[in-house]
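As the structure lists them, so they are numbered: ligands from 1, and atoms in each ligand from 1. When reading the values below, keep in mind they use all heavy atoms of this one structure, side chains included, and skip hydrogens, waters and symmetry mates. This is a predicted model, so every value here is computed, not measured.
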Amino acid sequence: MGYYVTTPIYYVNAEPHLGHAYTTIAADVLARHMRQRGEDVFFLTGTDEHGEPVALAAEPLGVTPRELADRNAPRFQALARRVNATNDFFVRTSDEEHVSAVQEVLSRVERAGHVYLGTYEGWYCPRCADFKTENELLEGNRCPIHRLELVREREENYFFRLSAFQEPLERLYAERSDFVLPEHRRNEAIAFIRQGLVDVSLSRARLTWGVPVPWDEGHVFYVWFDALLNYYTALTYARPGEDLTVRFWPPDVHVMAKDILKFHAVIWPALLMAAELDLPEHLFVHGYLLMDEHKMSKSLGNVIDPFQVMDAYGTDALRYYLMREVTFGQDGSVSAEGFETRYTTELANEYGNLASRTLAMISRYRDGVVPSAEPPRALTADFERVAERVRGHFDTVEVTAALDEVWRLVRRLNQYVQDEAPWQLAKQDGAGEELDAVLYGLAEGLRVVSVLLHPFMPESVERLLDALGDEDRSLARARFGAGEGGARVGELRPLFPRVTPAEAGAAAA
Ligand code: MSP
């Protein structure tokens with residue numbers, strides 16, 4: 001069976017920002033790590049194009065919703081490429097194949113008796129595309145998120161019998177303690193279910209920008225049902241002539257932030273049960289990137305433009321910073337200053353310098369050939385089972401913990417250079433063997449940490465491993481002592497060069 005990982009599909013009513021880049025990068029790190037293990041991976045991302053949020057954003061721009069979607073979807077595709085995401089497909093919910101597959105699945109759900117026609121009355125926020133309960137409303141019947149004054153709407157809707165899944169969902173959470181990770185998010189999901197589930201709107205009668213309800217053309221499906229199903233539909237048409245659901249369904253992990261927990265942890269499994277499809281193995285729910293304590297979001301205007309950061313510092317630096325700074329699973333603040341500090345102290349000094357010093361010493365003292373030696377004992381204990389520990393963290397999607405594990409070794413290697421002072425050994429008569437062992441240990445340590453860092457910083461690590469004369473990037477190679485020495489080292493341009501204030505300024509602006 002393959003390994004299937006997804007990101008949420010992003011709304012095309014606004015431009016992509018750092019928050020979107022964050023989820024896509026994390027899912028990509030996971031996908032790359034799993035490929036290093038030799039897994040058959042499918043990584044999906046895409047855009048959510050239907051529904052009121054997009055229809056409303058198009059109106060004042062004087063374009064149709066489809067035109068707005070066609071204008072913005074390529075920006076999300078460009079972001080995925082720019083962060084070096086290795087997604088195997090990019091799903092757009094306006095794709096014809098997605099539309100017909102949604103109709104097929106939801107017709108099945110209707111035929112199985114999970115749908116009925118009813119009347120909905122409630123406070124509706126068109127920006128959230130969601131009804132609000134009385135106690136969620138701010139004073140003056142305002143949306144708690146958008147602060148819009150809401151109108152009470154009454155309309156005929158098809159309903160999905162979510163209430164009928166109360167028990168099956170409780171059982172699911174009782175039986176599968178790792179269905180939602182991390183654990184505190186699982187508890188949130190359970191608390192929500194315990195409040196008692198009520199049926200939810202499956203269709204909208206007023207809107208036309210959506211997937212038509214096949215048994216009643218006066219309605220389109222409520223955008224969340226259309227959107228959630230992308231994870232399934234994409235596999236049916238991503239490779240023409242091939243049904244990838246056979247290889248990849250069910251998903252191994254859906255990655256998302258906590259804003260959309262309820263839809264994924266409650267409605268999605270219920271919908272899959274109704275459609276008689278297997279449930280995903282895990283949802284991983286990460287926190288928010290904050291700036292000055294607030295969630296970074298387009299409507300608040302406190303966004304960092306990921307493109308500008310990458311133009312100045314490179315893609316790998318952004319990938320590294322986001323995975324390192326904010327513990328995956330928790331909220332965390334990001335800032336231009338924090339970024340620059342980690343870039344200089346960790347990437348340029350700790351890793352970049354370690355690499356250039358090691359290569360320079362091998363060139364100078366050993367004519368550019370990595371000496372063969374026994375793995376130095378001072379390092380073997382630190383490297384013992386590191387690949388297994390990293391694997392363990394990735395099994396539970398603890399991406400930051402995996403990175404921290406590796407970075408401890410980067411620091412250990414820097415300490416080792418200081419302790420052993422190879423430049424002194426090079427001057428001493430009779431210290432040849434000792435110097436061989438130290439240089440071998442450094443090259444080997446650098447090789448192992450680099451293989452483990454590959455999913456995080458693929459471009460830089462490729463360059464470094466090429467310079468070390470090592471070709472194999474598989475996880476099996478991340479074993480200290482597996483390298484034999486004898487490789488000829490090459491040139492390496494600085495991995496993380498100094499950035500001029502002018503270039504950095506453009507990124508911070
Ligand atoms: N279209 C829905 C998702 C449908 S999935 C079937 C949607 N789109 S969205 O454009 O609003 O994207 C929300 C997702 O973007 C979050 O769940 C998260 O993955 C990412 N993020 C957006 N802003 C973010 C932060 N400030 N911090 C962390 N993640 C952020 O919801």
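Taking every heavy atom of Asp259 and a limit of under 4.0 angstrom, the matching atoms of ligand 1 come to 13 (C), 16 (C), 17 (O). Ligand-side atoms of ligand 1 in range of His20: 10 (O), 15 (O), range being under 4.0 angstrom from any heavy atom. Near Tyr231, with a cut-off below 4.0 Å to any heavy atom, the atoms of ligand 1 are 5 (S), 6 (C). Numbered from 1 in the order shown, with element, the atoms of ligand 1 that lie under 4.0 Å from a heavy atom of Asp48 read 1 (N), 2 (C), 4 (C).
Which of Leu290, Ile9, Thr93, Asp226 comes nearest to atom 4 (C) of ligand 1 through a heavy atom is settled by distance: it is Ile9. Considering Pro16, Gly19, Ala227 only, the shortest heavy-atom separation from atom 22 (C) of ligand 1 involves Gly19. Of the listed options Val334, Val54, Thr23, Thr24, Thr23 places a heavy atom closest to atom 20 (C) of ligand 1. For the residues Thr47, Ile260, Asn13, Leu289, the heavy atom positioned nearest atom 31 (O) of ligand 1 is part of Ile260.
Ligand 1 is approached by Gly287 to a heavy-atom distance shorter than 4.0 Å. His17 counts as a contact of ligand 1, since one of its heavy atoms falls under 4.0 Å from the ligand. Using a non-hydrogen distance threshold of 4.0 Å, Phe263 does not register as a contact of ligand 1.
Electrostatic pairing of Arg66 and Asp70 does not count as a salt bridge here, judged by no charged N lying under 4.0 Å from a carboxylate O. Ion pairing of Lys258 with Asp331 is present here, as a side-chain N (NZ or NE/NH1/NH2) and a carboxylate O approach within less than 4.0 Å. Salt bridge Arg142/Glu139: absent, no basic N to carboxylate O contact under 4.0 Å.
The proximity of His286 to ligand 1, defined as any non-hydrogen pair under 4.0 Å, is limited to the side chain.
Between Tyr11 and ligand 1, a contact under 3.5 Å exists for at least one N or O pair. Residue Met256 has no nitrogen or oxygen atom sitting less than 3.5 Å from a nitrogen or oxygen atom of ligand 1, judged on distance alone.
Figure legend: cation-pi geometry between Arg204 and Tyr124, with NZ or CZ positioned under 6.0 Å from the six-membered ring centre and within 45° of its axis.
With sequence neighbours excluded, the residues forming a side-chain hydrogen bond (donor to acceptor under 3.5 Å, both in side chains) with Tyr320 are Arg324, Glu346, listed by chain and number.
For Glu183, the CD atom counts as loosely surrounded, since its 6.0 Å shell holds 12 or fewer non-hydrogen atoms of other residues, nucleotides or ligands.
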Show the atom names and distances, to 0.1 Å, of all donor-acceptor pairs under 3.5 Å that link a side chain in residues 246-253 to residues at least two apart or in another chain.
residue: Arg247; atom: NE; partner: Asp40; partner atom: OD2; Å: 3.0
residue: Arg247; atom: NH1; partner: Glu242; partner atom: OE2; Å: 3.0
residue: Arg247; atom: NH2; partner: Asp40; partner atom: OD1; Å: 3.2
residue: Arg247; atom: NH2; partner: Asp40; partner atom: OD2; Å: 3.4
residue: Trp249; atom: NE1; partner: Asp278; partner atom: O; Å: 2.9
residue: Asp252; atom: OD1; partner: Tyr4; partner atom: N; Å: 2.9

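Using cut-offs of 30° and 60° for the angle between ring planes, the Phe284 and Phe328 rings count as parallel.
Side-chain polar atoms of Thr315 and Arg82 form a donor-acceptor pair below 3.5 angstrom.
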